[in-house]
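Comments concern the structure below.
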Amino acid sequence: MAESMNQVLEANNITDVSCTLVEQVVDTKLIGFAKDGFPIYAYEVEPDDLDDCGGRTAATTEYPDGTYHYVASNTDAPNVPKCLKGVAASNNFSYQ
């Protein structure tokens with residue numbers, strides 16, 4: 001996830017490149033949705049209560065009552081969810 005890529009690069013001591021075309025996250029930002037429909041968030045400071053898939057249940061700006069969501073890693077590449085908690089959508093597009 002590009003919004004936290006500079007943190008991943010820094011955590012891996014990579015200093016000769018940086019992500020300059022995508023605004024890096026400050027605070028918390030909804031950056032997409034996983035194939036199972038759960039949101040993915042980038043955090044400036046990665047929460048320490050993530051499950052095995054890199055997700056957690058918490059309130060967010062978009063879901064003030066709380067929802068399960070994945071967190072883009074600030075240290076690992078690739079920094080996408082490690083697994084899916086929900087059921088992945090299949091044949092989710094159709095045409096007429």
Side-chain angles (χ1 to χ4, degrees):
M1 301 298 185
E3 289 82 357
S4 59
M5 188 50 56
N6 285 343
Q7 292 174 318
V8 173
L9 294 169
E10 183 179 323
N12 290 280
N13 297 315
I14 299 171
T15 59
D16 53 340
V17 296
S18 66
C19 183
T20 59
L21 298 177
V22 176
E23 184 177 331
Q24 299 296 287
V25 68
V26 290
D27 197 27
T28 303
K29 180 180 179 184
L30 174 64
I31 57 174
F33 290 87
K35 191 172 182 178
D36 61 1
F38 287 117
I40 303 172
Y41 281 85
Y43 283 72
E44 183 175 16
V45 177
E46 190 173 319
D48 59 4
D49 62 345
L50 303 180
D51 63 19
D52 291 342
C53 289
R56 68 195 296 245
T57 299
T60 66
T61 301
E62 293 80 12
Y63 301 94
D65 293 331
T67 190
Y68 181 82
H69 60 275
Y70 300 105
V71 177
S73 175
N74 291 349
T75 58
D76 296 330
N79 61 346
V80 296
K82 298 174 181 127
C83 54
L84 297 176
K85 282 292 194 177
V87 176
S90 62
N91 299 321
N92 53 341
F93 294 102
S94 64
Y95 62 92
Q96 296 179 350

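Values below: all heavy atoms of this structure, side chains included; hydrogens, waters and symmetry mates excluded.
A donor-acceptor pair under 3.5 Å links the side-chain atoms of E46 to the main chain of N74, judged by distance alone. Within the 3.5 Å criterion, the main-chain N or O of S18 finds no donor-acceptor partner in the side chain of N6. Under a 3.5 Å cut-off, the side chain of Y70 and the backbone N or O of K82 do not form any donor-acceptor pair. Counting only distance, with no hydrogens or angles, the side chain of Q24 and the backbone of M5 share a donor-acceptor pair below 3.5 Å. Side-chain N or O atoms of D36 include one that pairs as donor or acceptor with a backbone N or O of F38 at under 3.5 Å. Side-chain atoms of D76 do not come within 3.5 Å of backbone N or O of N79 as any donor-acceptor pair.
I31 is connected to L84 through a chain of hydrophobic side-chain contacts under 4.5 Å among Ile, Leu, Val, Met, Phe, Trp and Tyr, so both are in one cluster. V80 and V25 fall into different hydrophobic clusters, where Ile, Leu, Val, Met, Phe, Trp and Tyr side chains are chained together by heavy-atom contacts under 4.5 Å. The hydrophobic clustering, which links ILVMFWY residues whose side-chain heavy atoms are closer than 4.5 Å, places I40 and F33 apart.
Contact of the T61 side chain with the T28 side chain is not registered, since no non-hydrogen atoms from C-beta on lie closer than 4.5 Å. The closest side-chain heavy-atom distance from T75 to Q7 is not below 4.5 Å.
L50 contributes atom CG, which lies 8.0 Å from atom NE2 of H69 (distance to the nearest 0.5 angstrom). Summarising the geometry, atom CG belonging to D65 is positioned 10.0 Å from atom OG1 belonging to T60; distances are rounded to the nearest 0.5 Å.
When the shell of 6.0 Å around CG of D49 is examined, it contains more than 12 heavy atoms from other residues, nucleotides or ligands. Counting heavy-atom neighbours within 6.0 Å of E44 CD, excluding the residue itself, gives a total above 12.
Of all heavy-atom pairs between A42 and A72, the closest is CA-CB, 4.4 Å. Heavy-atom minimum distance, L9 versus C19: CD1-N, 4.4 Å. Closest approach of A59 and P64 over heavy atoms only: CB-O, 3.5 Å. Nearest heavy-atom pair, P47 versus V71, reported as atom, atom and distance to 0.1 Å: CD-CG1, 3.9 Å. Nearest approach of D16 to I14, heavy atoms of both residues: OD1-CG2, 3.5 Å.
A donor atom on one side chain and an acceptor atom on the other are found under 3.5 Å apart for Y41 and E62.
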